[in-house]
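Here's the structure, in structure tokens; my notes come after.
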Amino acid sequence: MAGEGGVSAAPAEETQPPPSTGRQVYPIRGAHQYWEGFGGARGHEGIDVGSRCGTPLVAAQDGRVRFAKYHARAGNYLVIDIKDSIFDIAYMHLTDPASVKPGQTVAAGQTVGTVGDTGNASGCHLHFELWEGAYYGGGHAIDPKPYLLSLEPTRKRAKHRAR
């Protein structure tokens, strides 16, 4: 969502994702598949994860809601400041406005909305961003895929089966 607040994000590729403090859960509660990734020619600042419209979205970690708004490109979106870290996470294209409000504290696993296709979206998916520093407030987007893969509920089982 480049341009929110007039700030253009500059990706930093060597930044590590949020520390593993506290509970961490995958943000989509249902079947999903990875679509378009970070970067590329159009400067995609997150990763698109396809899932059925209406699939529950949950807070990936404990934190405080910074934004819950509507934007022409992002549709219904939500930004959570992760507790005890310098990272923010953003969820975009929610079906309806987020079920949480700015300033509200959220716990990992708490429902925050549902997968949708609002704004400039082609198909039902979660556009997920990970920011080091404040979301469009001096911070910058980093590739969220390693973070999301670390949260995958079936990742360990899939590795085990492959042996």
Side-chain angles (χ1 to χ4, degrees), residues 1-21 24-53 55-63 65-83 85-95 98 106 108 112-156 158-159:
M1 196 172 88
E4 176 75 21
V7 178
S8 178
E13 296 181 24
E14 295 185 27
T15 303
Q16 296 299 312
S20 299
T21 57
Q24 296 179 314
V25 298
Y26 198 80
I28 299 175
R29 290 295 166 119
H32 58 274
Q33 61 182 340
Y34 293 99
W35 290 0
E36 184 177 1
F38 185 78
R42 68 182 187 102
H44 199 234
E45 294 175 331
I47 189 167
D48 293 339
V49 186
S51 190
R52 289 181 185 256
C53 273
T55 301
L57 295 171
V58 299
Q61 288 186 246
D62 296 344
V65 177
R66 293 191 68 223
F67 301 105
K69 298 181 178 183
Y70 182 88
H71 184 276
R73 289 176 54 199
N76 293 308
Y77 78 100
L78 165 73
V79 177
I80 299 171
D81 179 16
I82 298 174
K83 182 180 178 181
S85 82
I86 60 168
F87 294 93
D88 286 353
I89 51 177
Y91 299 64
M92 299 179 191
H93 307 304
L94 281 65
T95 303
V106 293
V112 296
T114 56
V115 171
D117 59 358
T118 59
N120 186 11
S122 297
C124 298
H125 71 284
L126 167 65
H127 173 90
F128 186 89
E129 294 185 4
L130 174 62
W131 283 68
E132 180 180 25
Y135 174 80
Y136 284 102
H140 57 271
I142 60 174
D143 185 353
K145 191 165 187 181
Y147 174 67
L148 287 176
L149 288 175
S150 76
L151 303 177
E152 278 281 2
T154 58
R155 188 167 185 229
K156 289 181 183 175
K159 274 184 156 181

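Note that the CZ atom of Phe128 and the OH atom of Tyr91 stand 5.0 Å from one another [nearest 0.5 Å]. In this structure, Asn120 CG and Met92 CE are separated by 12.0 Å, a value rounded to the nearest 0.5 Å. Separating the CG atom in Asp117 from the CG atom in Leu94 is a distance of 11.0 Å, to the nearest 0.5 Å. In this structure, the separation between CD1 on Ile82 and CH2 on Trp131 is 14.0 Å, given to the nearest 0.5 Å. Distance CG/Asp81 to CD/Gln61: 11.0 Å, rounded to 0.5 Å.
Scanning for side-chain hydrogen bond (donor to acceptor under 3.5 Å, both in side chains) contacts around Tyr70 gives an empty result, with sequence neighbours left out. Residues that satisfy the side chain to side chain contact (heavy atoms under 4.5 Å, CB included) test with Ala59, not counting sequence neighbours, are Ile80, Val106, Val112. Not a single side-chain hydrogen bond (donor to acceptor under 3.5 Å, both in side chains) links Thr118 to another residue, sequence neighbours left out. Shown here are the ring pair (Phe, Tyr, Trp, His ring centres under 6.0 Å) partners of His125, two or more places apart in sequence or in another chain: Trp35, His93. Take Val58 and apply the side chain to side chain contact (heavy atoms under 4.5 Å, CB included) test, not counting sequence neighbours, and it matches Val25, Arg29, Thr111. A search for side chain to side chain contact (heavy atoms under 4.5 Å, CB included) contacts involving Thr95 returns Thr114, not counting sequence neighbours. Evaluation of the salt bridge (Lys or Arg N to Asp or Glu O under 4.0 Å) rule for Arg66 yields Asp88 as partners, not counting sequence neighbours.
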- request: May I have the step-by-step check of side-chain contact (heavy atoms from CB on, under 4.5 Å) for His127 and His44, ending in yes or no?
  value: CA-CA 10 Å; His127 173 90; His44 199 234; 3.2 Å; yes
field: Verdict with reasoning, Tyr147 to Gln24, per side-chain contact (heavy atoms from CB on, under 4.5 Å)
entry: CA-CA 10 Å; Tyr147 174 67; Gln24 296 179 314; 4.0 Å; yes
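In this structure, Ala60 and Ala108 approach most closely via the heavy-atom pair O-CB, 3.9 Å. Nearest heavy-atom pair across Ala31 and Ser51 is O-OG, 2.7 Å. Listed here is the closest heavy atom pair of Cys124 and Val115: C-CG1, 4.0 Å. For the residue pair Gly37 and Ile47, the shortest heavy atom distance occurs at CA-CG1, 4.0 Å.
Put simply, the side chain of Lys145 does not reach to within 4.5 Å of the side chain of Phe38, judged on heavy atoms. Two residues are said to be in side-chain contact when any heavy atoms from C-beta on lie closer than 4.5 Å; Asp48 and Leu126 fail this criterion.
Between the side chains of Glu45 and Tyr136, at least one donor-acceptor pair of N or O atoms lies under 3.5 Å.
Ring orientation note: the planes of Tyr77 and His71 are nearly perpendicular, at an angle over 60° on the 30°/60° scale.
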